[in-house]
Amino acid sequence: MRFIYRPIRVAHVSGGQFEVFNTTAFSTGRYRLAFRWNDGSKTILTPQTAPLTKETVTVPLGRAVDGLLAVIVETTDTVTGQIVSEEQLVLAQEVAAAPAVKPLPGDVAVEKGRLVCRKSGVVVVAGADEGTLLYRAPTDNDVDAMFHNLMVLYTRQTEETVSTQQTADGWQVVTKITNKRGHYMVTDTYKGTDSGVLVTSVLHRVSGSQEIPRFGKTFRLDEVFDAVHYVGRSGESYCDMKDQFPIRAVDCTVADMTEPNLRPQESGNRMDCTVASVSDGKTCVVFEAVGRPFELGIKPYTDRALLSMKHRRDEVRTGTYVTIQAFQQGIGTGACGPGVMPEFKYHLKEDCTLQFLIRIEEA
């Protein structure tokens, strides 16, 4: 998935219907589309869509494999015979529901409002000091027409633990989060299961803006946890720029999970993830989706530290920070064009729930 320009853009409408958008100014019928489903079936067609217009075509659906129904649309220039673009559209992605709960094991606790998981008495993974992220470090595109920083009001975030209560099968922590756009309450519950610690985080808007750039929970591990494995979009992806990277099993390092921008900024998000892990070669910490896929961010420093970085030399590693997200808004093209489109922003009209499992395994 290495193509930037897509002369024909394809979007799923419903069922076997797809919208074909001819972005070229002059060509009709020049490009052939191959719909390759993840069950191995394939359909080829050559749309006769007029330049700069859209039409709807019908394509036989493939079958879901292990809960995933996805199609790679391959566009070939019939004049040159070259493949000019590829994109993967996900029509369905099933994720298992939460398992039955039971009391937490003795090596899992909540300390100072943070989840702490130990192995042989040693802390392996714990909630980060800033455990909930409702902001991101501004990208070059997070500006308006007058080049005002659109993230600055969200980055002025504070957290205050309101209550910590032990329950029959775990813990409940309530946190108040305030930024310059509003006031929010986050209720985190931690319960035991046979598959690990079930984390349930509920974000509630108390007052202020419904629009929130991000909702994620961050955990810290020592920097020796450098080997990354995940199943999700195979490259940097946000909700408005993800189709170019197919869902794959990926193995890489923490450094590979951010982009080498001249000015350090938010980067490296991964969409449609069902599982992620970090390992030091002996111990592996696994984060597994529950109910629906999550968005993944892994950085060698905190997002708070990233805010003050101006140059590449400022990127000093302080650990391994894993952020499991319910959502992050799109990137847009605010530095040179339109900002994030409305459909790629998130509005908290009702409570948002993020749920996933954490477990420690032998590597």
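Basis for what follows: all heavy atoms, side chains included, without hydrogens, waters or symmetry-related copies.
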Any donor-acceptor pair under 3.5 Å linking the side-chain atoms of Q328 with those of Y238? no

Does a salt bridge link E211 with R205, judged by any charged N lying under 4.0 Å from a carboxylate O? no

How about R181 and S209: does a side-chain donor come under 3.5 Å of a side-chain acceptor? yes

If we count only N and O atoms by modelled type, under 3.5 Å, do the side chains of T200 and Q355 hold a donor and an acceptor together? yes

Report yes or no: does T23 contribute a side-chain atom to a donor-acceptor pair with the main-chain N or O of R6 at less than 3.5 Å? yes

Distance alone, cut at 3.5 Å: any donor-acceptor contact between the side chains of D39 and S41? yes

May I ask you to say whether D222 pairs ionically with R220, meaning some side-chain N is under 4.0 Å from a carboxylate O? yes

Minimum heavy-atom distance D280-F225, with the two atoms named: N-CD2, 3.6 Å

Heavy-atom side-chain contact between N22 and P47 under 4.5 Å: no

If only atom types and distance count, is the side chain of R214 paired as donor or acceptor with the main-chain N or O of Y135 below 3.5 Å? yes

Do T175 and E159 have side-chain atoms, one donor and one acceptor, less than 3.5 Å apart? no

Between F219 and F287, does the ring centre distance come in under 6.0 Å? yes

Check whether E295 reaches the backbone of Q325 with its side chain - one donor and one acceptor, N or O, closer than 3.5 Å. no

My understanding is that only residues two or more places apart in sequence, or in another chain, count here; which of them pass salt bridge (Lys or Arg N to Asp or Glu O under 4.0 Å) with K217? D188

Could you check whether any side-chain N or O of Y301 sits under 3.5 Å from a backbone N or O of R304, counting only pairs where one atom can act as donor and the other as acceptor? no

According to a 4.5 Å side-chain heavy-atom criterion applied to Ile, Leu, Val, Met, Phe, Trp and Tyr, with indirect links allowed, do V231 and F294 form part of one hydrophobic cluster? no

